[in-house]
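To start, the structure under review is shown below, and the notes come after it.
One is the number of the first residue; the rest follow in order along the sequence.
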Amino acid sequence: MAYNIDWIVPALSKPTHLWRLASTITMVAVGLFSKVLIRLLNRSKIYNRQVISDLLANRDQSRPLVTVSNHHSCFDDPGIWGTLTLRHLLCPSKMRWSLAAHDICFTCSQHSYFFSLGKCIPVIRGAGVYQKAVDFMIERLAKGDWVHIFPEGKVNMSKEHIRFKWGIGRMIFESPVPPIVVPIWHIGMDDVLPNEPPYVLRLRKNLTFNYGNPIDMSDMVRALKSANATEEEARKQITDFLQDRLQKLKIETEALHAQYFRSKS
């Protein structure tokens, strides 16, 4: 029998003081571990980190933030956030909310508590865009929070083109305040945690992280609503637009990765 995850969204919607304390400890511990692993125990190059740093520190608190990235390893999140400054890693209230596969991360009580304390929400593959996890993320955007999405919807082990899921389109279109979106492309995380056994973290791998330019979604959302676009049309156009931007960032990052580590060899 599958583990019951129905309690998670209600618990995270109205967390107790004890839950907040446990979540703070979990987020800080995992964030520091990720930073040590990514920055000290592997060879990493980060481009444009000031983009995310500035948004976390200075954006209007009513303006939500969405980050989207490729998904090549089960350690992508939290590994990507090892690129952040200590200032932000030590402030869990400003850290991202993230969707995580219910059939991988929420299969038992221990895993469910750990990932929930880490601000991860169980998403059910195949349940469509109208499910509790997506509703919850829209609620977080309404509060001006940061939400991270892997729009491919799964770990892309082949690294071939996968059409993005439309959940990201619904979140952005239905957010009461259109979010700022930051695309992220990373290379090498599947070397740190391979997708084949043994599933053991590796050291001294070459990693590249590239934060793209912020995208203000206000004009696009406004135009879609003015044109009376259907929800399906709006989700598709937003999703296709973000997929195109992330693919352009991919090409740029691959060139930067090759150039930088070639010069170090």
Are the side chains of C120 and F106 in contact, using a 4.5 Å heavy-atom criterion?
yes
Between P214 and V51, what is the shortest heavy-atom contact and its length?
CG-CG1, 3.7 Å
Just so I know, are the side chains of Y260 and N206 near enough to count as touching, which here means a heavy-atom distance under 4.5 Å?
no
Quick one: do the N228 and S226 side chains pair a donor with an acceptor below 3.5 Å?
no
Can I149 be reached from I8 by stepping across I, L, V, M, F, W or Y side chains whose heavy atoms are under 4.5 Å apart?
yes
Ignoring hydrogens and angles, tell me if any N or O in the side chain of D76 forms a donor-acceptor pair with the backbone of I80 under 3.5 Å.
no
Looking at G128, is its backbone amide N or carbonyl O close enough to the side chain of Q131 to form a donor-acceptor pair, meaning the two atoms are under 3.5 Å apart?
yes
Side chains of L12 and E139: does their closest heavy-atom pair fall under 4.5 Å?
no
Report the distance from atom CG of L224 to atom CG of D219, rounding to the nearest 0.5 Å.
11.0 Å
With side chain to side chain donor-acceptor pair (under 3.5 Å) as the rule and sequence neighbours excluded, what pairs involving residues 9-28 come up?
none
Among M137, K132, R140, the one residue meeting side chain to side chain contact (heavy atoms under 4.5 Å, CB included) with I121
M137
If hydrophobic clusters are built from ILVMFWY residues whose side chains come within less than 4.5 Å, do I38 and L89 share one?
yes
Pairs satisfying salt bridge (charged side-chain N to carboxylate O under 4.0 Å, His left out), at least one member in residues 103-113, at least two apart:
D103-R125
W166 side, atom CH2; E231 side, atom CD - distance, nearest 0.5 Å
11.5 Å
Identify each donor-acceptor pair in which a side-chain atom of residues 187-204 lies under 3.5 Å from a protein atom, sequence neighbours left out, and give them as a table.
| from | atom 1 | to | atom 2 | distance (Å) |
| --- | --- | --- | --- | --- |
| D190 | OD2 | K159 | NZ | 2.9 |
| N195 | ND2 | H72 | O | 2.8 |
| R202 | NE | V200 | O | 3.2 |

Once you round to the nearest 0.5 Å, how far does CD of Q61 lie from CG of D145?
9.0 Å
Residues H148, S98; criterion side-chain hydrogen bond (donor to acceptor under 3.5 Å, both in side chains); working and verdict:
CA-CA 5 Å; H148 179 71; S98 184; 5.6 Å; no
Any pair counted as ring pair (Phe, Tyr, Trp, His ring centres under 6.0 Å), so long as it reaches residues 82-104, sequence neighbours left out:
W97-F136
Test of understanding: clusters of I, L, V, M, F, W, Y form through side-chain heavy atoms closer than 4.5 Å, transitively. Do L141 and V221 belong to the same one?
yes
In the structure I gave you, are the side-chain heavy atoms of L56 and R59 within less than 4.5 Å of one another anywhere?
yes
Might you work through the side-chain contact (heavy atoms from CB on, under 4.5 Å) test for L256 and K45, ending with a clear yes or no?
CA-CA 9 Å; L256 290 170; K45 177 65 176 176; over 6 Å; no
How far apart are the closest heavy atoms of Q243 and I162, and which atoms are they?
NE2-O, 3.1 Å
Between I184 and W81, what is the shortest heavy-atom contact and its length?
CD1-CH2, 3.8 Å
Is it true that R63 and D216 make a salt bridge, defined as a side-chain N closer than 4.0 Å to a carboxylate O?
yes
Linking directly or through intermediates, with side-chain heavy atoms under 4.5 Å: list the remaining ILVMFWY members grouped with V28, chain and number order.
L32, L86, L90
Which is it for L249 and Y47 under the side-chain contact (heavy atoms from CB on, under 4.5 Å) test, yes or no, and what are the steps along the way?
CA-CA 11 Å; L249 189 65; Y47 293 93; over 6 Å; no
Pairwise side-chain contact, E152 with F164, heavy-atom cut-off 4.5 Å (strictly under):
yes
Stepwise side-chain contact (heavy atoms from CB on, under 4.5 Å) check, L55 with W146
CA-CA 10 Å; L55 286 168; W146 169 19; over 6 Å; no
Would one find more than 12 heavy atoms of other residues, nucleotides or ligands at under 6.0 Å from atom NZ of K119?
yes
Crowded around R87 CZ? As in, over 12 foreign heavy atoms under 6.0 Å?
no
Identify the heavy atoms of N4 and D6 that sit nearest to each other, and give their distance.
OD1-N, 2.8 Å
Might you confirm whether atom NZ of K225 has over 12 heavy atoms from other residues, nucleotides or ligands at distances under 6.0 Å?
yes
Tell me whether Y211 is reachable from V68 by hopping between hydrophobic residues (I, L, V, M, F, W, Y) whose side-chain heavy atoms are closer than 4.5 Å.
no
Distance under 6.0 Å and angle within 45° of the ring axis: does K154 meet both against F150?
no
Please tell me if the side chains of T83 and S44 come closer than 4.5 Å, counting only heavy atoms from C-beta onward.
no
Can you tell me if Q247 has over 12 outside heavy atoms packed within less than 6.0 Å of its CD?
yes
Please tabulate, for side-chain N and O atoms in residues 169-178, each donor-acceptor pair with protein atoms closer than 3.5 Å (sequence neighbours left out).
| from | atom 1 | to | atom 2 | distance (Å) |
| --- | --- | --- | --- | --- |
| R170 | NE | E174 | OE1 | 3.2 |
| R170 | NE | E174 | OE2 | 3.2 |
| R170 | NH1 | V129 | O | 2.8 |
| R170 | NH1 | D135 | OD1 | 2.9 |
| R170 | NH2 | D135 | OD1 | 2.8 |
| R170 | NH2 | E174 | OE1 | 3.3 |
| S175 | OG | V177 | O | 2.7 |

Gap between atom CZ of R39 and atom CD1 of I46 - 0.5 Å precision
3.5 Å
Regarding K236 and E232, does a basic nitrogen lie under 4.0 Å from an acidic carboxylate oxygen?
no
4.5 Å side-chain heavy-atom contact, F209 and S69:
no
Has the side chain of N156 got a donor or acceptor atom that lies under 3.5 Å from a matching backbone atom of H161?
no
Heavy-atom donor-acceptor pair, N210 side chain to W185 backbone, under 3.5 Å:
no
To the nearest 0.5 Å, tell me how far T85 OG1 sits from K35 NZ.
7.0 Å
Distance check, rounded to the nearest 0.5 Å: L65 atom CG versus D60 atom CG?
12.5 Å
Do M27 and Y113 sit in the same hydrophobic cluster, where Ile, Leu, Val, Met, Phe, Trp and Tyr count as joined when their side-chain heavy atoms come under 4.5 Å apart?
no
Testing the basics here: between N70 and L246, what is the closest heavy-atom pair and its distance to 0.1 Å?
N-CD2, 4.0 Å
Would you mind reporting whether F241 and I215 have side-chain heavy atoms less than 4.5 Å apart?
yes
Shortest non-hydrogen contact between V155 and S73, atoms and distance
CG1-N, 3.8 Å
